[in-house]
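Lettering follows sequence order; numbering is per chain, from 1.
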2 protein chains.
Amino acid sequence: MTRTVLPTILIWALILAAGAFALRWMEFQYLARAFPWRVYIGLIGAAFAAGGVWVGWRLAARAAPAPFARNTAAQAALGVTGQEMKVLEHLAAGRSNKEIAQALGLSPNTIKTHIANLFAKLEVARRTQALAKARDLHLIP
Amino acid sequence: MTRTVLPTILIWALILAAGAFALRWMEFQYLARAFPWRVYIGLIGAAFAAGGVWVGWRLAARAAPAPFARNTAAQAALGVTGQEMKVLEHLAAGRSNKEIAQALGLSPNTIKTHIANLFAKLEVARRTQALAKARDLHLIP
DNA sequence: GTCGAAATCACCCTTTCGGGCGATGGCCCC
DNA sequence: GGGGCCATCGCCCGAAAGGGTGATTTCGAC
């Protein structure tokens with residue numbers, strides 16, 4: 001967090017400096033007018049900008065739930081097939097072999113085979129272990 | 001970060017330039033009018049707010065990779081005790097009851113009891129299900 | 001002092017998992 | 001047309017996990 005504060009301050013300092021410079025320039029341009037209202041405009045602009053930053057920050061904070069991109073490289077490297085990935089996802093959802101079989105319209109034996117192959121490819125012996133490793137490899141969220 | 005500073009300055013320079021131009025134009029258009037300033041205050045405010053939103057969004061996007069804070073509220077609400085949380089963490093690491101027992105210097109029977117209590121509190125029936133739910137409640141990363 | 005919650009352990013029994021083995025059919029590629 | 005890979009299913013058996021019940025100890029709160 002601290003590392004972003006300094007750049008932020010710098011940016012704002014630059015913006016304010018630019019604004020001041022612009023004000024002087026405009027002062028020169030509109031010499032006849034001697035009103036300080038430009039200052040107000042600057043202040044209002046700064047206030048709106050600050051509010052905008054706050055809003056943008058909030059928006060980004062809640063609208064960015066970490067998109068998660070599946071590590072297809074690891075999947076390919078381990079030779080995990082498509083069907084096995086499907087089973088892996090059901091596994092991560094906490095389903096039993098029987099439930100996965102019903103969800104995919106397959107025999108529990110087939111699910112067992114897929115899971116056994118997954119275990120071999122992930123080099124694990126338990127489903128919880130498989131989940132930990134798969135999450136580590138970003139195969140699942 | 002550095003790569004965003006230059007575009008930021010450029011954009012703000014553009015905004016300021018556009019604002020100056022708008023001022024001149026409005027000066028001409030509404031020369032005789034008594035209160036044209038409300039219009040540009042609105043415009044400037046909108047422009048600065050928009051720029052601020054943009055900056056805030058960018059800033060938030062590259063800040064804080066979310067270090068994960070355990071949801072102690074949920075833990076308390078469910079009545080999950082400290083020992084059970086320890087067991088839950090080992091569970092998430094993919095360890096068996098026996099391994100957890102050895103790691104904590106306890107009997108496997110005790111681990112079984114803790115896990116059974118966890119299941120009851122999380123309202124699940126399998127360890128993989130418990131992990132899914134615990135992750136959902138942010139009890140574990 | 002007693003009551004309750006937490007923590008510890010034990011036993012029994014059923015279900016689920018996992019390992020090992022084999023088998024079949026489809027598909028692609030050389 | 002044979003070899004390799006994937007997907008599908010079956011059976012057997014042992015290990016792990018889960019459900020139920022009961023017991024003891026410790027410790028803080030009332």
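Between Gln83(A) and dC6(D) there is no side-chain N or O to OP1 or OP2 distance below 4.0 Å. Arg126(A) has no side-chain polar atom (N or O) that falls below the 4.0 Å cut-off from OP1 or OP2 of dC17(C).
Ile111(A) has its CD1 atom 14 Å from the C1' atom of dG10(D), to the nearest Å. Per the geometry, CG belonging to Asn117(B) stands 13 Å off C1' belonging to dG18(D), to the nearest Å. Atom CG in Asn109(B) sits roughly 13 Å away from atom P in dA17(D) (whole-Å rounding). In this entry the distance linking CD1 of Ile115(A) with P of dA7(D) reads 14 Å, nearest Å. Atoms CG (Leu118(B)) and C1' (dA17(D)) sit 14 Å apart, rounded to a whole Å. Here the P atom of nucleotide dA16(D) and the CD atom of Gln129(A) are 12 Å apart, to the nearest Å.
Taking the side chain of Thr113(A) as heavy atoms from C-beta on, and the options dC9(D), dG18(D), dG18(C), the nearest nucleotide is dC9(D). Checked against dG18(D), dC9(C), dT8(D), the side chain of His114(A) finds its nearest nucleotide in dT8(D).
As judged by a 4.0 angstrom heavy-atom cut-off over every strand, Ser107(A) is placed among residues touching the sugar-phosphate backbone only. Note on Thr81(B): only backbone sugar-phosphate atoms sit closer than 4.0 angstrom, heavy atoms only; bases stay farther off.
Here the side chain of Thr72(A) pairs no donor or acceptor atom with the backbone of Gln75(A) at under 3.5 angstrom. The backbone N or O of Gly94(B) lies less than 3.5 Å from a partner atom in the side chain of Arg126(A), making a donor-acceptor pair. Put simply, the side chain of Lys98(B) never gets that close to the backbone of Pro108(B): no donor and acceptor are under 3.5 Å apart. Without hydrogens or angle criteria, Glu99(B) side chain to Ser96(B) main chain gives a donor-acceptor distance under 3.5 Å. Panel note: side chain Glu84(B), backbone Val80(B); no donor-acceptor pair is recorded below 3.5 Å. Side chain of Arg135(B) to main chain of Pro141(B): a donor-acceptor pair is present (N/O by atom type, distance under 3.5 Å, no hydrogens or angles).
Nucleotides of DNA chain D nearest to Lys121(A) and Pro108(A) differ in position, and the one nearer the 5' end is that of Lys121(A). Nearest-nucleotide positions on DNA chain C place Gly79(B) closer to the 5' end than the other of Gly79(B) and Leu106(B).
The shortest heavy-atom contact between Ile115(A) and Val87(A) is CG1-CG1, 3.6 Å.
Each end of the helix from dG1(C)-dC30(D) to dC30(C)-dG1(D) gets its own axis, taken as the rotation carrying the C1' atoms of four end pairs onto the next four within a five-pair window, and the two axes meet at 40° to the nearest 10 degrees.
Within 3.5 Å, a donor on the side chain of Lys112(A) pairs with an acceptor on the base of dG19(C), or the reverse.
For DNA chain C, the residues of residues 90-102 of chain A within the heavy-atom distance limit of 4.0 Å (strictly under) are Ser96(A), Asn97(A), Lys98(A), sorted by number.
A salt bridge is absent between Glu89(B) and Arg95(B): the closest approach of a Lys/Arg side-chain nitrogen to an acidic carboxylate oxygen does not fall below 4.0 angstrom.
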